[in-house]
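The structure appears right after this line, and notes come after that.
So that the names make sense, note that chain A is the first sequence line, chain B the second, and so on, each numbered from 1.
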Amino acid sequence: MSFLEFQGIGKAFPGVRALSDVSFGVDAGSVHGLLGENGAGKSTMMKILGGEYVPNEGRLVIDGQPRAFRSAADAIEAGVAIIHQELQYVPELSVMENLLLGRLPTRLGLVDRRRALDWTRQRLNALGVDLDPRAKLKQLSIGQRQMVEICKAVLRDAKILALDEPTSSLSHRETDVLFRLVRDLKAQGKAMIYISHRLDEIFELCDAATIFRDGRKVADFPTLEGITRDTLVQRMVGREISDIFGYRPRVQGDVRLAVRDVTGHAVAEPIGFDVRAGEIVGFFGLVGAGRSETMRLIYGADSRSGGTVAIDGKTLRSSDIRSAIRGGLMYCPEDRKEDGIIGVRSVAENINISARRNHLRAGMFVNETNEARTADIFIERLRIRTPNRRQEIRLLSGGNQQKAVLSRWLAEKDLRVLIIDEPTRGIDVGAKNEIYNVLYELAERGVAIVMVSSELPEVLGVSDRVIVMCGGRITGEFTREQASEEAVLARALPEGAARADANTTRTVSP
Amino acid sequence: MTDSKTAPALDLAPGSSNTERRAAFWRFVDDYSLILIFIALFAVLSCTVEYFFSWDNVVGLALSVSQIGMVACTMMFCLASRDFDLSVGSTVAFAGVLCAIVSNATGSVTLGIAAALMAGAAIGFVNGAVIAKLKINALITTLATMEIVRGLAFISSQGQAVGVANEAFFSIGSSILFGLPAPVWVTLACFVLFGVLLNKTIYGRNTLAIGGNPDAARLAGVSVDRTRILIFLVQGAVAALAGIILASRMTSGQPNAGEGFELNVISACVLGGVSLMGGRASISGVLVGVLIMGTVQNAMSLMNIDAFYQYLVRGTILLIAVLVDQLKNRRQSR
Amino acid sequence: MTDSKTAPALDLAPGSSNTERRAAFWRFVDDYSLILIFIALFAVLSCTVEYFFSWDNVVGLALSVSQIGMVACTMMFCLASRDFDLSVGSTVAFAGVLCAIVSNATGSVTLGIAAALMAGAAIGFVNGAVIAKLKINALITTLATMEIVRGLAFISSQGQAVGVANEAFFSIGSSILFGLPAPVWVTLACFVLFGVLLNKTIYGRNTLAIGGNPDAARLAGVSVDRTRILIFLVQGAVAALAGIILASRMTSGQPNAGEGFELNVISACVLGGVSLMGGRASISGVLVGVLIMGTVQNAMSLMNIDAFYQYLVRGTILLIAVLVDQLKNRRQSR
Amino acid sequence: ADTVKIGFVVKQPEEPWFQDEWKYAEQAAKEKGFTLVKIGAPSGDQVLTAIDNLKAQHAQGFIICTPDVKLGPSIVAKSKINNLKLMTVDDRLVDGSGKPIETVPHMGISASKIGEQVGEAIAAEIKKRGWKPEDTGALRISYDQLPTARDRTDGAIAALTAAGFPKANIVNAPEAKTDTENAFNAANIAITQHPNFKHWIAFGLNDEAVLGAVRAAEGRGFRAENMIGVGIGGSRSALNEFAKGQPTGFYGSVLISPKRHGYETSINMYDWIASNKAPPMLTLTTGKLVTRDNAAEVRKEMGL
Ligand SMILES: Nc1ncnc2c1ncn2[C@@H]1O[C@H](COP(=O)(O)OP(=O)(O)OP(=O)(O)O)[C@@H](O)[C@H]1O
Ligand SMILES: Nc1ncnc2c1ncn2[C@@H]1O[C@H](COP(=O)(O)OP(=O)(O)OP(=O)(O)O)[C@@H](O)[C@H]1O
Ligand SMILES: O[C@@H]1[C@@H](O)[C@@H](O)CO[C@H]1O
Ligand SMILES: [Mg+2]
Ligand SMILES: [Mg+2]
């Protein structure tokens, strides 16, 4: 019997069955991969493990003891620590207080800040993470916040550690730090569950794996020796995907998007580039390179202090999102929870929020049939797993929310330029493939596409051209043919760090 | 774009038609729980309280909630967009006073009404502009305008009720159409109008989107500031309308009218399921919220309940109503 | 585990010492902007308004905000945890009445005080339990208890002011220690106590965490429900304390005391930078918020501003204060 | 015939005064065997709602103390439409131009008259104590948002000035709400502003207002011998003061009798409905000054 056993777990929500009769075990001193399409039930399983949900059927057995958690506190008590897919931090509190949330040390009834600070510094150092314990979380980048979340779980010294897509916002280097941590913890005999849609991470870290599909277990791999990537994909999505990127060359037209001398917050020197009709330009950089900030300036989400943006030769009004949209420029933000979804509204609402202005009756009445149709098309096309289009979007799994937000922009009919920031964050392989296909189709229709991504294979696999940013400036530009991993990475690393780091970079298989 | 060969990947909720029917039933109960509560309340009161179920009484009840009802419609928008408006009570008073003053000065009731409506819209515009553009907290902003506008009402009337000379003015509040008083018709019209606006128009949908997540709405191209200002402007105008009708019913504009009005309106909305966190609202909920509040008060008067005990009853009923409504959420979560 | 050769993965705030100094200056202005506003206001009034800067007046000012100040301390916790309490005004009244009744009945002031404090705590406990456990909206819950408790105050006193036979009772409100009246000392003690609680104890930090992100707090094992209930309980007890002191100052428990009290307290907190969205609070901010509100009222009276125009001034000052405070946020958000 | 049902609508049901009026009206109802419907209506629209409500439950008439006398025309019109007999108590209705509506039977007090009584009582006491008027300040605890409150304080001022009190020594202290604490704060500031006065007098709309002024004055060292506060109502707040071991600055209160107002109006209305005997069109009652010394007797005299 394994250290941690899930036995016949089932869980239903109103209108949705998330898990049915799932059993598997996780050994101490091993990393167990959990795979499955978006909405397969992985996070739900983790929330059951974390005491957040009570299963309808089945039970947990830890170290031979059956356990029934009634709350998150129960699970913590039992030695379970979870890194949630949706980051759960308190923005107004410091790194230290977030790390020690619920267990600050006290002296004579008062919080012992000094001891807490010392402890935090020391432990962070030991983990090889460089964060100021006094910085407030809201001052950190997403990647840094995710790092804090990881440390928060790790520092609990739990016996069981579950990581639900921990790398979705991490750069290579932070990922390295994380992997080192996981290996250390394995050596210490912890039982770990690792969820990711990045298969190379699974191969690199995991000893065993379980695959979910539609809330059921479809495969168990006690070892990953000799298992191929294709096998996993096949079991996950139920079909063959030979080349996930499936790049298709296409003809390119004239310059559609012309960015000239754009300056603003987080931009170190004026930024300029062109994108042609039908071209896909990948923007690569490490966390904090300033890509997202640049794109927000171009779109008008933040006000720029200088420069122009033109589409098909027509200059857009500065800092005006609506004029950008009317000009055919759309931006899909990277932080889906903060900037993307409108949680309490339905999937259909979220998909139609922008495009519906084109289908108004009498200038103000929404066209409900049209909206329903649009929603259904995307739900089917991108396989958005939801009981129906009326479901509140916050109840969808992370990946499915991402797909719905993407649909919002794909539904625009006079799309000319699409800026898409981390489009496949948290998305399963099958759907990734589908999204790339949609991007190609759009490009074939003549749309100019800017894709910001921190996944190097994706940038290399999908783009016609790659632009690299570092420290708020453009540091390199490559054609598809020129772009190699080493060349691109070298430009993405800050000067100085470049040489030291080039060797330690993980090699990633596409 | 319609490569829909691949079968819908998901087989959701396998369940038999039986569980489906049960789910549908619960969905119905969920959606209409408050309405059901109200119907039950109404039925019980009809059977137990003498005179409650009579045409006269029902009309009186409708009249008593007509002002609150009107403003609740627009307050619903305000709350749905995650805002808050405490200034409506003062606006009701000021509009009544202003309408009376201008009517007397010009001899024209129409001019008086126009002036009051415009003043109301202006107050709303100021609220909206300060909140949306200067990004000041809505509670503080409207608390400030609540004070300022109340001050204007007292100053312009010198603290005295302003009677209206022109008798035509009184007919707004007292004339009867098809058996119902005019104010009730106006309120019904508001419910229909704002119901349609909320559910069928881009204005309503944008309001809900803004309330759900203002940042996301802005990035999706919703003109957040403009919509918020519009919401407050309309709210101001409707509060002024309520003030005019109230003045007409009372045959004078009173500077201390509408005190505590804002809390009643907001409670009715919240009771009707409008979320203070924004993004969620239903017009039928608000209607029922308004009706429950009015009905309880009405029944207490009919039952001759002691003034002090009325406080207890009001508070308790309020709690019970939300509690029962809450049960559905409990069933839903976990 | 300590292969920390690789360059620091994340580099926060590089900046030279010059920009650092400038940043530090702005941070200071940001943190203390409201205090600076208050000092400026106080200085201007001292120079321009006769009698303003006199010991008598400053003591009077302090006394006039002492009740609000006490309750603002606990309201700060309540708002910081993303809750809301409208019932404090009623609790003030009920506690005063109850204290008087029990003192008279038992002949012991101590028993009266104990009974009132316990009743306040009980009211707070009920609020907290209903909100945390039954998950009912705080606005509605405390609106309901506000009604119910006001009803209790009227019922128990039969609507009449209740005088206290035991003269010892009056000394609570009127005795002077080191030149300041006792209620002012109590208020100062509250500020110190709750300041320490907020910043230095687990209770305070958990409160902020709950308000900042309730889910995160819950998932980290913070006993969210227990903390929320405790916050309300303490709030009820402190409101009762304010009620007792008020009754002592007025030498009788009055059932209609403290009407509108809740809005004043909440405004003072919001003015002091406490976020209604939870997670943000500072005790110095609240202190200044309370003082600004009291000072404005005091100065207006000293300047003999007409009662009607006082509404205008109050509203305008409120707006200006938050507006100025807001400027820092605009600068912060790039 | 139907059983007689009479409404008794008051503007501030929480106020002891109205509780008492209701109590004595109940007494009349018990004696005559009619039903009394008590409704509180603190604002104009609630008055209209109350009248609708009375019609719905088949009342035949009602007695009202309205929150604003200017509601007169609409109350008259509404009761006519609803076929309800109408009488007013305490406060008399006025028409659009401010003249009393004489067609409605009324029993009550005149706000300015009662104010004058307060002023006269204070003037007499000043004289008795031999204070110099120039050393004496007068606190007008005002709440001008409420028309009756203004009439009362203005009445007091009229009587004081008529008795030779210098107008310049009258200090306006507006209270933000009509409770004791707000009166306290208003008075406290007024006293700060005028350090020159050796004695203080105080008047306001009710006992609570004056009580606040008395407490504030005490805090500043003006005790019974240097303070004359006279309230209106003779409520418990006043009696509590008289019950204290030592006299306080709360010298007296002008007591008005809720008994006649509650009991007599109800009986009149009953007779009007049951035997069509029209009530007198106008009955004015007066207040009586009660002080520490005579409070108990006077109350007994009035049957309270
Ligand atoms: N609270 C809830 N209410 C209703 N449905 C829910 C709820 N939580 C999860 N679901 C549904 O349960 C299913 C499983 O979701 P889950 O989050 O476990 O998927 P996942 O495997 O983690 O997917 P992803 O890879 O996208 O994160 C989804 O269809 C989701 O919509
Ligand atoms: N609200 C904020 N407060 C302080 N610094 C911020 C804030 N938002 C962004 N930054 C900083 O601005 C810089 C640019 O961030 P940006 O998000 O544009 O980078 P990026 O290249 O898109 O990387 P990624 O999105 O992967 O983190 C980073 O150093 C980030 O930490
Ligand atoms: O409001 C007052 C009440 O307090 C009592 O004094 C009688 O007259 C009314 O006008
Ligand atoms: Mg998931
Ligand atoms: Mg980015």
Quick one: what part of [X] sits under 4.5 Å from any heavy atom of chain D, side chain, backbone, both or neither?
X	value
B:Q297	neither
B:S301	both
B:Y311	side chain
B:N304	side chain
B:Q254	side chain
B:L302	both

Can you measure from [atom1] ([X]) to [atom2] ([Y]) and round to the nearest 0.5 angstrom?
X	Y	atom1	atom2	value
B:D306	D:K38	CG	NZ	5.5 Å
D:K5	B:Y51	NZ	OH	4.0 Å
D:N53	B:L61	CG	CG	8.5 Å
B:M300	D:I39	CE	CD1	11.5 Å
D:D45	B:S66	CG	OG	8.0 Å
B:F154	D:Q145	CZ	CD	4.5 Å

Do you know which two heavy atoms are closest between [X] and [Y], and how far apart they sit?
X	Y	result
B:F308	D:E14	CE2-CA, 3.8 Å
D:D68	B:A161	OD2-CB, 3.6 Å
B:D56	D:A56	CB-CA, 4.0 Å
D:R150	B:G159	NH2-CA, 4.5 Å
D:S74	B:M250	OG-O, 3.3 Å

Quiz item: For D:Q46, is it the side chain, the backbone, both or neither that has a heavy atom under 4.5 Å from a heavy atom of chain B?
Solution: neither
Quiz item: Can you say whether D:I81 sits under 4.5 Å from chain B via the side chain, the backbone, both, or neither, judging by heavy atoms?
Solution: neither
Quiz item: Got a sec: does the CD of D:E31 have more than 12 other heavy atoms crowding it under 6.0 Å?
Solution: yes
Self-check item: Neighbour count >12 (heavy atoms, 6.0 Å) for atom NZ, D:K113
Solution: no
